[in-house]
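What follows is a single structure, written as structure tokens, with notes after it.
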There are 2 protein chains.
Amino acid sequence: MPESHYPEIRALGLFSGMADAHFQSLMRGAYVQNFPPQIELIGEGEPSDFLHVVLSGSVDLFSTWNGRDTSLATVRPISTFILAATIRNAPYLMSARTLEKSRIVLIPSQDVRAIFDVDGIFARAIVTELARCYRAVIKSQKDLKLRTSLERLANYLLRQQKRAGGGASFELDVEKRRLASVLGMTPENLSRAFKGLQPYGVAVDGTRISIGDQADLEGFARPNPLIDDFST
Amino acid sequence: MPESHYPEIRALGLFSGMADAHFQSLMRGAYVQNFPPQIELIGEGEPSDFLHVVLSGSVDLFSTWNGRDTSLATVRPISTFILAATIRNAPYLMSARTLEKSRIVLIPSQDVRAIFDVDGIFARAIVTELARCYRAVIKSQKDLKLRTSLERLANYLLRQQKRAGGGASFELDVEKRRLASVLGMTPENLSRAFKGLQPYGVAVDGTRISIGDQADLEGFARPNPLIDDFST
DNA sequence: TTGTCGGCTTGACAAATATCAAGCGCGCCG
DNA sequence: CGGCGCGCTTGATATTTGTCAAGCCGACAA
């Protein structure tokens, strides 16, 4: 793979501390590929041959069962996905598709496992990353089981607002149909949920959201770091 | 802590391969305690001072928000819990309480992190365990988002049947109120869901479940290894 | 044995959510 | 410019799920 990509990958928490020789060794077997939008990168049930790293664009992780499907997460640069399947050498639990034009690194899973065994710092980084992912899913589980759809949307908006810089007005950066799926509801109900938040000062214009009364919305949403703070 | 417990802890996947000196070092700082039923061992938000290992009994992991609460998992011997919080040195995301009289080992988190850094085999075991836990939560997430409550119950019964040996008749080993919470429904609805499975040959007598027509129930439940097989 | 407590069940009702069908708005392309 | 097509919205309706109140039943203790 072209060495020009090395620095941005190297800068990832997962790879930043490891021995240079090991990093080079990982990169030797890796390759970068550009994908158009809406391409299915992997399908659930398939063997986990590669660890994926998103360099640019974005990727939707979703799952299907019995004719239904649901979005579980969105992966944005720069981060990895399906680390757990790679580590356990087990089949993927989720499918992945590009949402937009994306540049993605593929690192053979067996190389990752091999370097893991000889590089303590890399091992430490993998554990830290995996623990972060685990905790993120637990938070999402709590969000789903403890909150109504209106509360989930309210808290999502507050999180997104923070991510966008904290201003009173910001853009949704996902399609509403996907947002609905992520939040565990239908697109129709998402529409109604937005209306349901109007009394708390939320205004919607296309993908632009305006929060009229921050305190009011927070009073309804009751955000909680043990659910909504994805950094811990 | 009394050395009599060493063998059963040592036999745990997490500790079985590590150097003896390191294991001894971990055990030196650890201690075992017996708890009566319904004791809250840890509360969400507290700092993660100890890695816990359940030797006997069982522990309920649950969470609370805004006056509601939900059961997220049950920990049975012999296994650990709150590994991720220990690794990240972050606050617990879930509370834990004993369901019955339980014997539990407490290992100081900082010891676990210290030994992790010097024992590659231990590190490998932690990663494997963490990846297993991660995948278990993803499966649970799919179960929640892709299935109706009736389907969740049907698949739960099939899993429990398998765990109990596979016979047509078996015992539920959780209180129904807790089962309802785990499955994301109210106790009232669980009662109705059991009735809803009667047409598929499910009979309930107290905590005893009988599956009259295995194929019929499986045809309705459509179990899937990517959701229901907790071993991968 | 009898009383009581807690968990489970049931029924009636209310609220939340999904489904279906139609229409709207906007970008894209002929 | 006009007409699709697609995502979003809206309304009507059905289904699912939760809530509240009451009753049942078995475990346990007096």
Side-chain angles (χ1 to χ4, degrees), chain A residues 36-38 60 62 65-71 97 99-100 143-157 171-200 202-209 220-221, chain B residues 36-38 60 62 65-71 97 99-100 143-157 171-199 202-210 220-221:
Chain A
Q38 304 301 332
D60 179 35
F62 66 102
W65 179 80
N66 210 15
R68 285 161 244 170
D69 69 289
T70 188
S71 273
R97 75 185 143 218
L99 288 168
E100 45 192 317
D143 191 47
L144 270 173
K145 291 186 76 176
L146 290 169
R147 289 173 170 163
T148 66
S149 59
L150 207 58
E151 290 165 343
R152 289 200 296 278
L153 176 60
N155 281 291
Y156 176 89
L157 293 180
E171 292 284 329
L172 288 179
D173 56 357
V174 291
E175 244 183 336
K176 286 184 184 167
R177 58 197 347 267
R178 276 200 63 246
L179 176 55
S181 181
V182 168
L183 294 178
M185 53 179 131
T186 58
E188 292 96 326
N189 260 318
L190 178 61
S191 260
R192 293 177 187 121
F194 272 122
K195 287 206 161 169
L197 290 180
Q198 277 178 12
Y200 302 100
V202 175
V204 185
D205 178 21
T207 61
R208 180 139 218 101
I209 308 292
F220 170 73
Chain B
Q38 303 301 332
D60 179 35
F62 66 101
W65 179 81
N66 210 14
R68 286 161 243 170
D69 69 290
T70 188
S71 274
R97 75 183 142 220
L99 289 168
E100 46 192 315
D143 190 48
L144 270 174
K145 291 186 77 175
L146 289 168
R147 289 172 170 163
T148 66
S149 59
L150 207 58
E151 290 164 343
R152 288 200 296 279
L153 176 59
N155 280 291
Y156 175 88
L157 293 179
E171 292 284 330
L172 288 179
D173 56 358
V174 289
E175 245 184 335
K176 285 183 183 168
R177 58 197 346 267
R178 276 200 62 248
L179 176 56
S181 182
V182 168
L183 294 177
M185 53 179 132
T186 57
E188 292 96 327
N189 261 319
L190 178 61
S191 261
R192 293 176 187 121
F194 272 121
K195 287 206 160 168
L197 290 180
Q198 277 178 12
V202 175
V204 184
D205 178 20
T207 60
R208 180 140 218 100
I209 308 292
S210 305
F220 170 74

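Chain A is the first sequence line, chain B the second, and so forth, proteins listed ahead of strands; every chain is numbered from 1.
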### Query
Taking only N and O in the side chain of B/Arg192, is any of them less than 4.0 Å away from OP1 or OP2 of C/dT9?
no
### Task
Mind calculating the distance between CG (A/Leu190) and P (C/dT19) to the nearest angstrom?
15 Å
#### Entry: Polar side-chain atom of A/Lys145 near backbone of B/Asp69 as donor-acceptor pair, under 3.5 Å
no
### Task
Verify, without hydrogens or angle tests, whether A/Arg177 (side chain) and A/Pro187 (backbone) share a donor-acceptor contact under 3.5 angstrom.
no
### Query
Could you state the CE-C1' distance from A/Met185 to D/dT16, rounded to the nearest angstrom?
17 Å
### Message
What is the distance, to the nearest angstrom, from the CZ atom on B/Arg147 to the P atom on D/dT17?
### Response
14 Å
### Query
Can you check the A/Asp205 CG to D/dG7 P distance for me, whole Å?
19 Å
#### Entry: Rounded interatomic separation in angstrom, taking CZ from B/Phe194 and P from C/dT10
12 Å
### Task
Taking only the side-chain nitrogens and oxygens of A/Thr186, find out if one of them lies under 4.0 Å from OP1 or OP2 of C/dA18.
yes
### Task
Using whole Å, report how far NZ of A/Lys176 lies from C1' of D/dC6.
14 Å
### Task
With the side chain of A/Ser149 defined as its heavy atoms from C-beta on, choose the nearest nucleotide among D/dC20, C/dT17, C/dT19.
C/dT17
### Message
Rounding to an integer number of Å, can you tell me how far B/Arg208 CZ sits from D/dC25 C1'?
### Response
20 Å
### Query
Under 3.5 Å, is there a donor-acceptor pair between the side chain of B/Ser181 and the main chain of B/Ser71?
yes
### Task
Establish, with yes or no, whether the OP1 or OP2 oxygen of D/dG18 is under 4.0 angstrom from a side-chain nitrogen or oxygen of B/Asn189.
yes
### Query
Nearest of D/dT19, D/dT10, D/dG7 to any side-chain atom of A/Glu175?
D/dG7
### Message
Whether the side chain of B/Glu188 and the base of D/dC20 hold a donor-acceptor pair under 3.5 Å is what I'd like checked.
### Response
yes
### Task
For the residue pair A/Leu183 and A/Leu153, establish whether any side-chain heavy-atom pair is separated by less than 4.5 Å.
yes
#### Entry: Length of the CG-C1' vector between A/Leu146 and D/dG18, whole Å
15 Å
### Query
Are the side chain of B/Lys176 and the backbone of B/Thr207 linked by a donor-acceptor contact shorter than 3.5 Å?
no
